[in-house]
Enquirer: 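Provided herewith is a single structure, encoded as structure tokens, for subsequent inquiry.
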Amino acid sequence: MPPMRVLKPDDIGSVDAVDPEAGSRQSTAQQTPFDWVRRNKLTALVSFVIIIFLMIMFVYWIAVAKNHRWYTSDNPRDTYVGSQDVLQVMAKLWVDARTSCAQIEKEDIPFLPNMEETYKVQDRMIEDHQEELGPLVGWKVGTTNRDMWPTFNLDEPTRAPLFNKYVRFGDVSGSWEREGCGPFHIYEGEFAFVMGSTLEPREGEYTEGEVLAAIGSVAPAIELVSSRADTWCLGDLMAWYTGDFPDPLAAMASCQADAGISGLVVVGPEVGAGEGWAAGLANLSLQLSAQSSAQPPTIITNSAARVLDGPLSSLTWLANHLRRHRRPLLKGHLVISGGVAVHVGDDEIGRRFDVTVQASLRGPSAPPTAVRLSLGEGPMISPGVQSPDLYGGAERLAAARKACAPLPSDQVQLLSNMEEAYTVLDHMAVNFTDVLGPLGGWKVGAFDSGDGPIAAPLFAQDVAQGPLNKSFTQLCGYWGVEGEIAVTMGADLPPKEGEYTAEEVWAAVSHVQAAIEILGTRMPSHCPAYVPGEGDAEGWSPFGDGAAHALATCLADGGMNAFVLLAPPVEKEELPQPALVEGLSGLKEARLELEMHCGTQPRAAVLKTSPPIATDPLLTVRWLANRLSARGLPLKQGHLIMTGMQEMVLQGDPAIDPAAIQGQCRVRASVMFHPAGTNSTWNSADLVITDFPAA
């Protein structure tokens, strides 16, 4: 064995000699960080994970908690974090923008992936921000048009809270700064419900009958739809419809967090549940009229069925939706049930702008219930009355008829369709007999309105038996003459379920006769008379190209009736065919002549002979009976029905020589009810018009 080494004093202090780890420390001093990682792999891995986590949290704080930037890509759903803290920040962002009338930039809009997250943000508004927004006073139901659901990947409507600060009751007139926050608007006419009792959360769903019983009242309402993120949430709306937006559900959910994009709700007079609307809520119609100082009026009329299956269906959905979210629908809460009539605004901001919404909540014969929102100042540029106050329009026309005077152009009620004209005519027949006298019957006009014939009331004071002399000045707004067959009822045909048959109507007819109808208008500024040289008199129309609004406006004036003169009556039993044959009467074999000559003209200066009547007048009477029945109105015994023009002579007809008039014109309408060769007696009505003007 080798000899053992004996330590010497000089060896003391030598590190290598006395410290066995000295070499190791010397080796460690020469190592790199990578050498340490290789020797301490687990410790290094844990440290690395902690560092990455801290970096992520820092980025989250910078990108989300501080700057509210909720997405960084075209599909932001991947980055959404729905914690309560985040929901609170989102709610506050929308509330701050709303209360300051500010706009949120697109990149700052809080992202939400679906409607359930939207409702959580809205819940935070309710819980945390009623001090800024006012108390919760109700709910709005949106996206009630099923056709929109596939576009946004929805399978039901949406809802949002209504806060007291953004709800008005009664007509509103204000400034854009106060009421019209936002650069772009949509105006919706809606039915608003006020709950009469509370619908608490429960296990089973509420039925429509239960919800109906809980309604306290209904009212027309205007919702001004505006967004605090206008560029994205309203300005890019068409991009959603055309599929350009990569995630339409995310777009809808994110924008709806802004309290359903509701800007202002204006609620009209409330009509209680006992006043008739409850029985036919889905059959009601609602009208919206919108006009700015730079644009002509827009009048939109739609059925309540446009909202789901009707406003009650919308309200029932809300009650059950809140039930599933453990929220009650409280007594006294307001619910707007979805847009029935919708107007998209464009350049009205800063200008005078009026919106009126009305509905006949008390029945078709009662004045409509209306509410109005006016923003800005300044006059309207279009002549006539733009507000859809159909009761007021009927009232003005009744006064003009009584005074036998033209209606000033700025008082003419402009209408957009024949349904509005029917409403005006119904008001005149039911509500203004104290002005115009008792109802004497109806006239049916076969104007090509696209909606079939029209029916207008005749008042007894405007019907007379011939022969008769009458001054031109008494034929208010003279427009022309027509020859017709008149039918008088011998029995009532009241409203009923189902339609009247031809046999039932014919059995109620008493007698028939020839008739002259004097056409006239109380609105010469909007319904001008024929001017020679401006078109063929036979085909000429004051309605231009047949635009529905012009036709409706003119025909609402009693169907343009001024006066009716009757021939002696012919009893039904005296007709060659007193009974029906295959549902048709013998009136279809009648022939009519209309002649007119003035002053020194020969008797047959204007002689128009109709061919055998194309449409049996009985069919016209049957149509009228069923139309009135559907609107809840009777056809009564003694009522006269003018069954439609057979021949016409217009004011200014070229055949009437102005130089020959000499202040007098004679008109005769004659009907031969018997076929030629059996009894050629004519039944004639004769009218002499005195003081007839030469031009």
Side-chain angles (χ1 to χ4, degrees), residues 98 101 140-145 148 158 160 162 166-192 219-228 230 233-235 237-238 241 255-256 258-268 285-304 306-307 311 314 334-359 368-378 380 382 385-389 414 416 420:
R98 178 177 286 268
C101 198
K140 69 163 283 185
V141 181
T143 328
T144 54
N145 185 342
M148 295 176 61
T158 60
L162 295 177
Y166 302 96
V167 176
R168 309 280 189 274
F169 289 87
D171 294 346
V172 169
S173 180
S175 65
W176 284 105
E177 292 76 14
R178 174 177 170 81
E179 312 291 359
C181 182
F184 186 91
H185 299 92
I186 297 174
Y187 306 87
E188 296 188 350
E190 308 195 20
F191 289 99
I222 301 167
E223 182 187 11
L224 191 158
V225 178
S226 62
S227 173
R228 268 45 61 185
D230 173 77
C233 292
L234 290 180
L237 187 64
M238 291 310 298
Y241 283 119
C255 294
Q256 285 286 323
D258 179 19
I261 327 180
S262 179
L264 182 72
V265 176
V266 183
V267 183
S285 62
L286 183 143
Q287 183 186 79
L288 178 147
S289 172
Q291 185 196 12
S292 76
S293 57
Q295 297 291 334
T298 298
I299 301 177
I300 303 166
T301 303
N302 280 327
S303 166
R306 178 185 174 92
V307 176
S314 175
L334 171 76
V335 178
I336 54 173
S337 55
V340 177
V342 180
H343 171 71
V344 178
D346 45 21
D347 67 343
E348 76 279 0
I349 306 300
R351 305 176 186 271
R352 166 75 181 278
F353 190 75
D354 288 353
V355 182
T356 303
V357 168
Q358 70 172 14
T369 306
V371 62
R372 183 174 184 178
L373 167 64
S374 297
L375 297 174
E377 298 179 352
M380 294 299 181
S382 297
V385 178
Q386 318 303 335
S387 167
D389 177 10
L414 301 181
S416 63
E420 294 173 6

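Computation of the quantities below employed the complete heavy-atom set of this structure, encompassing side-chain atoms and omitting hydrogens, waters and symmetry-equivalent molecules. Bear in mind that the values here come from a model prediction, so they are computed numbers and not experimental data.
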Enquirer: Give me the atom names and distance for the closest heavy-atom approach of V266 to G170.
Expert: CG1-O, 3.2 Å
Enquirer: Give a yes or no on whether the backbone of D258 and the side-chain of R98 come within a donor-acceptor separation of less than 3.5 Å.
Expert: yes
Enquirer: So V172 and I222, do their side chains get closer than 4.5 Å, heavy atoms only?
Expert: no
Enquirer: Please give me the minimum heavy-atom distance between S314 and V141, naming the atom from each residue.
Expert: OG-CG1, 3.3 Å
Enquirer: Considering residues at least two apart in sequence or located in another chain, which fulfil the salt bridge (charged side-chain N to carboxylate O under 4.0 Å, His left out) criterion with E190?
Expert: none
Enquirer: Is Y187 close to V225 at the side-chain level, that is, under 4.5 Å between some pair of heavy atoms?
Expert: no
Enquirer: Indicate the atoms forming the closest heavy-atom contact of D171 with R372, along with that distance.
Expert: OD1-N, 2.9 Å
Enquirer: State, to 0.1 Å, how close P220 and V371 come at their nearest heavy-atom pair, and which atoms those are.
Expert: O-CG1, 3.8 Å
Enquirer: Between V357 and L286, is any pair of side-chain heavy atoms under 4.5 Å apart?
Expert: yes
Enquirer: Any side-chain to backbone donor/acceptor pair from R306 onto V340? Under 3.5 Å, distance only.
Expert: yes
Enquirer: Any idea which heavy atoms bring A370 and T356 closest together, and the distance?
Expert: CB-CG2, 4.4 Å
Enquirer: What's the separation between atom CD in E188 and atom CD1 in I336, rounded to the nearest 0.5 Å?
Expert: 7.5 Å
Enquirer: Within a strict 4.5 Å, meaning less than it, do heavy atoms of the I261 and Q256 side chains meet?
Expert: yes
Enquirer: If you compare all heavy atoms of V307 against all heavy atoms of S337, which two are closest, and at what distance to 0.1 Å?
Expert: CG1-O, 3.0 Å
Enquirer: Does K140 use its side chain to pair, donor to acceptor, with the backbone of G260 at less than 3.5 Å?
Expert: yes
